[in-house]
Amino acid sequence: MTARRRRPWLEAAAFVALALGPPGCAERPTLVAAASDLAFALDEIAVAFERHEGHRVAITYGSSGTLTRQIQDGAPFEVFLSADEAFVERLVEADLTRDGGTLYAVGRIVLFVPTGSPLSADEGFDGLHRLLAAGGVQRFAIANPEHAPYGRAAEEALRRHGLWETLRPALVLGENVSQAAQFATTGNAVGGIIAYSLALAPALSGRGSFALIDEADHAPLRQRMVRLARAGPVADRFYAYLQEPAARATLTRYGFVLPD
């Protein structure tokens, strides 16, 4: 296991200080914390919002569990998009939010295999079973299940297919699903389980093949967003913009299932 040391929230605070800019800066960006499965989709939405509204958005990506701890420790985010609604509910109970938030998407996971890997991508994990039996799996990437919802879903799927205990010594744990995707798509592992939204991103989709994992193999990845207690007027508008047709169309294009 090569999980990296957990990044302290002080790093996020340093990022926020840079985003705020020097005293007297005419406009500071709206500060958003988001699950890393949203990295490509939300970047597109933020650019469209800035073009439409004329306001900047600064997004910090990470695992939902890590971001939740940073918010509890005082990180000055205004909007939080979690990959697991349970983390939002935790902040609601701590009275750190404006309300209970909104379910904005349901995520999916895929088995991703980089070009040149001896592993084959299939929904039933038959190729992974065969390669494990042949001793051909030294490194396999997932996000850390301890604090990353997509890592937890990966663990559930692997357990359901009887692979977890055998595969465990070969697991390479990303701090979040974006880092797991980096391991899985750059040849640092024979493959991995990553977010469907990342596998569809133009920057990654050409690096290998993937198979969509049956959604019955894990608990639903119900993703909820919420305005935090310090949200300002621009944060209110960004939050509303995320629920408009243009933003929803972007999420759909990245493979998210949208609530009615």
Side-chain angles (χ1 to χ4, degrees), residues 1-4 6 34-39 61-69 81-90 103-113 119-133 137 139-185 189-200 204 208-224 254-259:
M1 193 275 281
T2 60
R4 293 173 57 188
R6 183 173 300 155
S36 59
D37 66 299
L38 291 162
Y61 293 106
S63 74
S64 296
T66 299
L67 292 170
T68 297
R69 282 193 295 275
L81 294 93
S82 174
D84 181 347
E85 61 181 350
F87 289 111
V88 167
E89 291 165 358
R90 191 177 301 177
L103 181 70
Y104 66 90
V106 178
R108 299 288 303 275
I109 55 175
V110 302
L111 171 60
F112 190 96
V113 175
L119 181 63
S120 59
D122 63 272
E123 179 182 329
F125 293 96
D126 294 335
L128 187 54
H129 272 291
R130 285 195 296 270
L131 196 60
L132 270 171
V137 180
R139 293 164 65 87
F140 186 86
I142 66 171
N144 192 330
E146 290 186 6
H147 51 81
Y150 278 82
R152 190 184 62 240
E155 178 180 345
E156 291 172 359
L158 291 170
R159 286 187 183 279
R160 179 166 294 241
H161 286 270
L163 288 159
W164 179 253
E165 293 301 332
T166 308
L167 189 59
R168 206 167 178 176
L171 288 178
V172 182
L173 301 183
E175 179 69 14
N176 51 62
V177 73
S178 182
Q179 189 179 54
Q182 181 182 358
F183 295 152
T185 60
V190 296
I193 296 178
I194 67 174
Y196 187 28
S197 57
L198 300 180
L200 290 175
L204 302 184
S209 58
F210 64 85
L212 194 60
I213 295 173
D214 192 328
E215 56 191 338
D217 286 348
H218 58 88
L221 284 156
R222 290 171 56 86
Q223 305 199 185
R224 181 170 290 269
Y254 277 89
F256 290 102
V257 178
L258 303 188

Close side-chain approach of I194 to Y150, heavy-atom, < 4.5 Å:
no
Search all heavy atoms of D37 against all heavy atoms of A195 and return the closest pair with its distance.
CB-CB, 3.7 Å
Find out whether L158 and L128 are in side-chain contact, i.e. whether some heavy atom of one side chain is under 4.5 Å from a heavy atom of the other.
yes
Sort out for me which residue in R152, H147, R222, Q223 forms a side-chain hydrogen bond (donor to acceptor under 3.5 Å, both in side chains) with D84.
R152
If you take all heavy atoms of A181 and L204, which pair is closest and at what distance?
CB-CD1, 4.3 Å
Roughly how far, to the nearest 0.5 Å, is the OG1 atom of T66 from the CZ atom of F87?
8.5 Å
How many angstroms lie between atom CZ of R159 and atom NE2 of H218, to the nearest 0.5 angstrom?
15.5 Å
Pair F256, L38 - check side chain to side chain contact (heavy atoms under 4.5 Å, CB included), show working.
CA-CA 10 Å; F256 290 102; L38 291 162; 3.7 Å; yes
For a side chain to side chain contact (heavy atoms under 4.5 Å, CB included) check, start with the C-alpha distance between F125 and L163, then their side-chain angles and the critical distance, and finish with the verdict.
CA-CA 9 Å; F125 293 96; L163 288 159; 3.6 Å; yes
Atom pair CG/CD1 of L171 and I142 - distance to nearest 0.5 Å
5.0 Å
For residues I213 and V110, report the shortest heavy-atom separation together with the two atoms involved.
CD1-C, 3.7 Å
Check S64 against T68 and note the closest heavy-atom contact, atom names and distance.
O-OG1, 2.7 Å
Taking atom CD of E215 as the centre, report whether more than 12 heavy atoms of other residues, nucleotides or ligands fall under 6.0 Å from it.
no
Worked check of side chain to side chain contact (heavy atoms under 4.5 Å, CB included) between D214 and R160
CA-CA 11 Å; D214 192 328; R160 179 166 294 241; over 6 Å; no
Residues at least two apart in sequence or cross-chain that pass salt bridge (Lys or Arg N to Asp or Glu O under 4.0 Å) with R224, listed by chain then number, are E85
My understanding is that only residues two or more places apart in sequence, or in another chain, count here; which of them pass salt bridge (Lys or Arg N to Asp or Glu O under 4.0 Å) with R90?
none
Which heavy atom of A39 sits nearest a heavy atom of L198, and at what distance?
CB-CD2, 4.5 Å
Kindly indicate, with the supporting measurements, whether the criterion side chain to side chain contact (heavy atoms under 4.5 Å, CB included) is fulfilled by L119 and F140.
CA-CA 10 Å; L119 181 63; F140 186 86; 4.2 Å; yes
Is there a donor-acceptor pair under 3.5 Å between the side chain of S82 and the backbone N or O of V88?
no
Any side-chain heavy atom of Y61 within less than 4.5 Å of one from V177?
no
Nearest heavy-atom approach of L111 to S120 is CD2-O, 4.2 Å
Excluding sequence neighbours, so at least two apart, what forms salt bridge (Lys or Arg N to Asp or Glu O under 4.0 Å) with R130?
none
Over 60° means perpendicular and under 30° means parallel, so tell me whether F210 and F112 are parallel, tilted or perpendicular.
parallel
Okay, side chain of H129, backbone of G162: is any donor-acceptor separation there less than 3.5 Å?
no
